[in-house]
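Everything below concerns the one structure shown next.
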Amino acid sequence: MPKAERFPLNVRDGAVSVKIYRQKARTNDSGFAYVVSWVGGDGRQRKTFARLDDAKLEAGSKASQLAAGLSTAGLLTRSDIFELSEARATVGLHGIPLLSAVAEWSKARELAGAALIEACSAWSERRTSQVKRIRVPAAVDAFIADKDAANKKGSRTYSAKLKPLKAFFGEVYLDTIPVAEWTRYLRQFEDSVTRNDLRKRAVTLCRWAQRHGHLAEGIVPEAERTERAKERATPIGILTPSVLHDLLHHFRRYYQEHLAALVVANLCGVRSDEIQGKRDHRERRQSWEDVHIDRRFMSVSAAKENTPSSRMVALSDAAVAWLGVCPGTHRGPIGEAGVMERARALAIADGFQLPDNCFRHSWITYCVALTGNKPAVANEAGNSVKEIDRRYRVPRPKEDGVAWFATRPTRPPATRRPSASATKSRPPAVQTESPAG
């Protein structure tokens, strides 16, 4: 039986060693990703692979290249070595790799010619005379503290996202980081969504620094001059009209206390967090007092931040019918704190296949199919037309929209829970499609 690999793996070529680390990655079939790490002329480098064999090939190649570089170094004269050492020490004072510094100098020389020093002096006097220098870790800490003080959840939103930035740049002054170094920082992250998310946080940090005098005013921050990565379209999961009908009847029979929350999610398109409350604000959730069945509309009690704070959703005939059979006094919250998480868990345990956000995806999809009016649907959803096309909607014919809103309560409620054998043969309950263009 072959011996299990122990990580980190060391791939050697002479005196050179390249390491392979293993980390968890849910998106890979094996459940792991493999990170090749080595130290080169630009400092520590990393490259991530989905397969161990590919990582080993890359590690072997890098080890050979580095070993070849060491042998070539043996041809350098004492004077060459001294000059190289002095050059690295000089640029090291600014936390910039030697090659980046040479490339930056070459471009500046091309623009300013022989008057490079005079041009830099004039620019410095005009743009940066008032800059209050701050090192990267201190800038991150002060930025997060400002957000926390303004009740903008700085620690929760930014701590994890800016931690890699602090580790990468260390004690470098924020105003000395050129676009080439920002680009090198972002290239560590192969996943486009992750890279763009971290880029967005870095740009936000730099704009804050600019407002507080830590970066020069009147120019685009260097981090903002980096390229956004192209993101792959993610699949959008929706339910079929027949599955919605089964799901609502299932909850009416067995989990009546959660029925209203499912109706509001599937037939009114209200976000889960608006129904059940965010984890740190469970008390802010949808209220029966804002559901006006007699007048056929509802107001969203606690709209998501950075969306229209007060929006109204029209109640369809289907929504009115289903809300009318929901038990209780119809006062206070329509569901318990965390009701959508509880309802999802119960439905999945009983055999329903429910991808992330499928209730809201479905409502937007079938509303647009039924009405053909994207702006009106976007207004009720609290989103833009661009966003619902990009992230929420799957193209569907009008008859599917009619079918979605044709569901009505027909079966009488019951109190007994379903048996495991009753749900084993449930058919697939979801359709997954690429986003609408």
Side-chain angles (χ1 to χ4, degrees), residues 37-47 61-62 64-131 133-136 139 164-165 167-190 195-196 198-199 202-203 205-207 209-210 214-230:
S37 175
W38 70 95
V39 178
D42 288 333
R44 183 164 296 280
Q45 305 288 311
R46 297 177 180 84
K47 195 169 182 180
S61 174
K62 288 297 178 187
S64 298
Q65 292 173 15
L66 293 171
L70 288 177
S71 63
T72 303
L75 302 177
L76 296 176
T77 65
R78 184 174 181 180
S79 176
D80 292 334
I81 294 173
F82 177 75
E83 287 184 0
L84 180 60
S85 177
E86 286 296 303
R88 284 182 171 168
T90 300
V91 299
L93 296 174
H94 305 286
I96 302 174
L98 179 57
L99 290 179
S100 295
V102 171
E104 193 176 323
W105 173 87
S106 178
K107 183 63 177 180
R109 182 80 178 191
E110 177 187 331
L111 294 172
L116 176 58
I117 301 299
E118 292 86 343
C120 289
S121 297
W123 184 91
S124 178
E125 290 177 6
R126 186 173 70 254
R127 295 287 191 182
T128 64
S129 59
Q130 301 302 316
V131 168
R133 306 194 84 180
I134 188 171
R135 299 184 189 274
V136 170
L165 189 150
F168 185 88
F169 289 112
E171 294 294 329
V172 172
Y173 284 110
L174 186 63
D175 62 297
T176 65
I177 304 174
V179 64
E181 283 302 288
W182 282 112
T183 299
R184 194 165 71 87
Y185 161 67
L186 293 171
R187 281 178 180 166
Q188 299 176 97
F189 311 102
E190 293 192 352
R195 171 174 169 160
N196 288 341
L198 294 179
R199 177 186 179 274
V203 170
L205 169 69
C206 289
R207 289 177 180 173
Q210 201 169 43
H214 301 303
L215 292 179
E217 295 182 3
I219 60 174
V220 177
E222 296 288 280
E224 197 167 345
R225 295 172 57 202
T226 57
E227 292 289 337
R228 290 188 81 258
K230 184 176 180 180

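These numbers come from a predicted model, not from an experiment.
With Asn196 contributing its side chain and Arg228 its backbone, the two residues share no donor-acceptor pair below 3.5 Å. A donor-acceptor pair under 3.5 Å is formed between the side chain of Arg199 and the backbone N or O of Glu224. Without hydrogens or angle criteria, Glu171 side chain to Val136 main chain gives no donor-acceptor distance under 3.5 Å.
Donor-acceptor pairing under 3.5 Å is recorded for the side chains of Ser61 and Gln65.
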Inset, instruction - Please assess Phe169 against Trp182 for the test ring pair (Phe, Tyr, Trp, His ring centres under 6.0 Å), listing each intermediate value before the final yes or no. - result: CA-CA 9 Å; Phe169 289 112; Trp182 282 112; 5.0 Å; yes
Inset, instruction - Just do the side chain to side chain contact (heavy atoms under 4.5 Å, CB included) check on Thr183 and Arg225 with the steps written out, would you? - result: CA-CA 9 Å; Thr183 299; Arg225 295 172 57 202; over 6 Å; no
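The two residues Arg195 and Ala229 make their nearest non-hydrogen contact at CD-CB, 3.9 Å. The two residues Thr226 and Ala223 come nearest to each other via the heavy atoms OG1-O, 2.6 Å. Residues Leu205 and Ala139 come closest through the heavy atom pair CD1-O, 3.8 Å. Here the shortest heavy-atom pairing between Cys206 and Leu215 reads O-CD1, 3.5 Å. Taking both residues in full, the closest heavy atoms of Val131 and Ala216 are given as CG2-N, 3.7 Å, listed atom of the first, atom of the second, then distance.
Residues meeting the ring pair (Phe, Tyr, Trp, His ring centres under 6.0 Å) test with Phe189, sequence neighbours left out: Tyr185. Applying the side chain to side chain contact (heavy atoms under 4.5 Å, CB included) test to Ala180 and every residue at least two apart in sequence or in another chain returns nothing.
Note that the NE2 atom of His214 and the CG atom of Leu174 stand 8.5 Å from one another [nearest 0.5 Å]. Taken from CZ in Arg109 to CG in Leu111, the straight-line distance is 12.0 Å, to the nearest 0.5 Å. Taking CZ from Phe168 and CG from Leu198, the interatomic distance works out to 12.5 Å, rounded to the nearest 0.5 Å.
The side-chain hydrogen bond (donor to acceptor under 3.5 Å, both in side chains) pairs that include a residue from residues 172-181 are Ser100-Glu181, Arg133-Asp175, Arg135-Tyr173, Glu181-Arg184, where partners are two or more places apart or lie in different chains.
Atom CD of Glu190 sits in a crowded spot, with more than 12 heavy atoms from other residues, nucleotides or ligands closer than 6.0 Å.
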